[in-house]
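Remember, it's 1-based here, ligands and their atoms both numbered in the order they're listed.
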Amino acid sequence: MSFTNETEKQKYYIQKCKELVKIKEQQYGRKLSACVVTFGCQMNFKDSEKLMGILSEIGYEETDDEHADLVLYNTCTVRENANLKVYGRLGYLSKIKEKNPEMIIGLCGCMMQEPQVVEKLNKSYRFIDIIFGTHNIFLLAQLLYERLISGHKVEDIWDGTTEIVEELPTVRKYDFKSGVNIMYGCNNFCSYCIVPYVRGRERSRNPEDIIDEIKQLVANGVVEIMLLGQNVNSYGKTLENPITFAQLLQRIEDIEGLKRIRFMTSHPKDLSDELIKVMAKSKKICKQMHLPLQSGSSRLLKIMNRHYNKEQYLTLVEKLRKEIPDIGITTDIIVGFPGETEEDFEETLDVVEKAQYDSAFTFIYSKRSGTPAAKMPDQVPEDVVKDRFDRLLSLVNSISKEKTKALEGSVQEVLVEEVNKKIPGYVSGRLSNNSVVHFPADVSLIGSLVNVKLEEAKGFYYMGEMVD
Ligand code: SAH
Ligand code: SF4
Ligand code: F3S
């Protein structure tokens, strides 16, 4: 067979798998089911939608139940406990497969890009049928076809890629909101981080492809998009016709019918004044900025290879708060980076105090083999890290609580996102600044923007009432 491009080739394999699945359906007298489980970040979540899109097209029915005909784990390796979770669940899956030997188990995603992981899987988890990585998820149908025809395990992991394959089927978890990749990979090599090794070099998508995708989403009922990249602020720099992230945002803003725009993640070193200006005057870009700090110590930031210092970071926060007064600022912080002293840690607490984060994700440093930090001396003892972590968390929590309190009593525009699972008759939605509010309303409002009075701040969320 010869194909003019990769998309066409994969569509051919989707068709071939479809025929095989049809035969099985007749044999079993029922539809086949597939369960895709996502570990990790928004990029992985988005990849899973693409994987499920291919499986749906082949004829599998989507299910959340791992007692399925095909189970695919899309893995994460950013911290050790992400890996441990996968190994734990594989034990459980092997029991299910013992009862249903025809079941197909696939593993993909960031963990598979680490040779020592694949070696371990091949040695101790021999029941796995398909293994592939982050660079070739678009090959799913081809790999599945190979597995179904041969009956043998199929493994295909690429070291990297320059290719971006567009236009394969995808499904969406939500009807009214969607993630949109604007770039893949990362070139920053923060010294603790495994992502650049498992996701490869930074590649920006063409603005035309991004805009076409969003227009298509809006035509299908999407009102909020989340632009995804490890460092969205460096978007477009390597394109044939370079454009800035701020310029891309302006073009997206013009898309009729689109109501809300979010993005993540912003690296402080590349956050431009141009972006702040565009955000300040935009009607659609949400008043939210996720701005990972990692550490407040300029000394550690240098060793982390972050390319900003404490003062530059705080100046940035000040600028954001001045130009966009009601902005919600959130962050990521690592505790226990090698060599972190009590003084370094206190610098972190100081930034948290000054930046007044609306919320913060706090992580205990996890040693990732292959990264420069893994070889650094003075790994901080566990009990010291635990103590710092608790102190940080309690500061972060008390500040978020105060911040939420500040909006109590105000009326805010809210996107209704889901039925509240705990309180009958209630729905839950998000403000522009990404805070959550629960209020009584009809489920038919899911996907609509409504005005809600924030009656009571409850720490991290609000209870509210709809107003006209
Ligand atoms: N590209 C984003 C981060 C993606 S990873 C950025 O640069 O901001 C998400 C978060 O995981 C990071 O912000 C960091 O806080 C945390 N993280 C990454 N590697 C880690 C490690 N080895 N140990 C602990 N936390 C880590
Ligand atoms: Fe990791 Fe740094 Fe890249 Fe973020 S910017 S993904 S922390 S290397
Ligand atoms: Fe994890 Fe890969 Fe995302 S390592 S955080 S799933 S890019």
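- One finds a salt bridge joining Lys310 and Glu347 here, because a Lys/Arg side-chain nitrogen approaches an Asp/Glu carboxylate oxygen to under 4.0 Å.
- Within ligand 3, counting atoms from 1 as listed, the ones closer than 4.0 Å to a heavy atom of Gln230 are 7 (S).
- The shortest N/O to N/O separation between Arg79 and ligand 1 falls below 3.5 Å.
- Checked by atom type, the side-chain pair Tyr313/Gln294 shows no donor-acceptor distance below 3.5 Å.
- Across Arg306, Gln230, His267, heavy-atom proximity to atom 6 (S) of ligand 2 is greatest for Gln230.
- Looking at ligand 1, you won't find any N or O of Arg368 less than 3.5 Å from one of its N or O atoms.
- Salt-bridge annotation for Glu62 and Lys173: present, with a side-chain N of the basic residue lying under 4.0 Å from a carboxylate O of the acidic one.
- Using a 4.0 Å cut-off to heavy atoms of Cys76, the atoms of ligand 3 that qualify are 1 (Fe), 4 (S), 5 (S), 6 (S).
- For atom 7 (S) of ligand 3, the choice among Met43, Gln42, Arg79, Arg199 with the nearest heavy atom turns out to be Arg199.
- To the nearest 0.5 Å, the span separating NZ on Lys11 from CD1 on Ile14 amounts to 7.5 Å.
- Salt bridge annotation for Glu66-Arg89: present, with a cationic side-chain nitrogen under 4.0 angstrom from a carboxylate oxygen.
- Heavy atoms of Val195 stay at 4.0 angstrom or farther from ligand 1.
- An N or O contact shorter than 3.5 Å is missing between Thr265 and ligand 1 by distance.
- Under the 6.0 Å distance and 45° angle rule, Lys120 counts as a cation-pi partner of Tyr87.
- The residue Pro292 has no part lying near ligand 2, judged by heavy-atom distances below 4.0 Å.
- Below 3.5 Å of separation, one finds an N or O of Arg306 facing an N or O of ligand 1.
- Considering Arg299, Arg388, Gln379 as possible partners of Glu340, the one that fulfils the side-chain hydrogen bond (donor to acceptor under 3.5 Å, both in side chains) test is Arg388.
- Counting atoms of ligand 1 from 1 in the listed order, those under 4.0 Å from a heavy atom of Asp332 are 9 (C), 10 (C), 12 (C), 13 (O), 15 (O).
- Looking at Tyr192 against ligand 2, only its side chain comes within 4.0 Å, counting heavy atoms.
- Considering backbone and side-chain N/O atoms, Tyr365 never comes within less than 3.5 Å of an N/O atom of ligand 1.
- Between His267 and ligand 1, not a single N/O pair is under 3.5 Å apart.
- Distance check for Cys41 against atom 1 (Fe) of ligand 3: none of its N/O/S atoms falls below 2.8 Å.
- Looking at Phe363 against ligand 1, only its side chain comes within 4.0 Å, counting heavy atoms.
- Side-chain contact check for Asn434 and Lys287: no donor-acceptor pair (N or O, by modelled atom type) lies under 3.5 Å.
- Remark: the Arg368 side chain and the Asn83 side chain contain an N/O donor-acceptor pair separated by less than 3.5 Å.
- Taking every heavy atom of Cys110 and a limit of under 4.0 angstrom, the matching atoms of ligand 3 come to 2 (Fe), 4 (S), 6 (S), 7 (S).
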Q: Carefully, step by step, assess Arg205 and Asp212 under the rule salt bridge (Lys or Arg N to Asp or Glu O under 4.0 Å).
A: CA-CA 12 Å; Arg205 278 177 81 194; Asp212 284 349; over 6 Å; no
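- Under a 4.0 Å N-O distance rule, the pair Lys277/Asp273 does not qualify as a salt bridge.
- Electrostatic pairing of Lys177 and Glu224 does not count as a salt bridge here, judged by no charged N lying under 4.0 Å from a carboxylate O.
- Taking backbone and side chain together, Cys186 holds an N, O or S atom under 2.8 Å from atom 3 (Fe) of ligand 2.
- In this structure, Ile364 is part of the shell of residues with a heavy atom less than 4.0 angstrom from ligand 1.
- Within ligand 1, the atoms closer than 4.0 Å to a non-hydrogen atom of Val78 are 18 (C), 19 (N), 20 (C), 21 (C), 22 (N), numbered from 1 in the order shown.
- The residue from His307, Lys269, Arg306 that alone fulfils the side-chain hydrogen bond (donor to acceptor under 3.5 Å, both in side chains) condition with Asn188 is Lys269.
- Using a 4.0 angstrom heavy-atom cutoff, Asn231 does not count as in contact with ligand 1.
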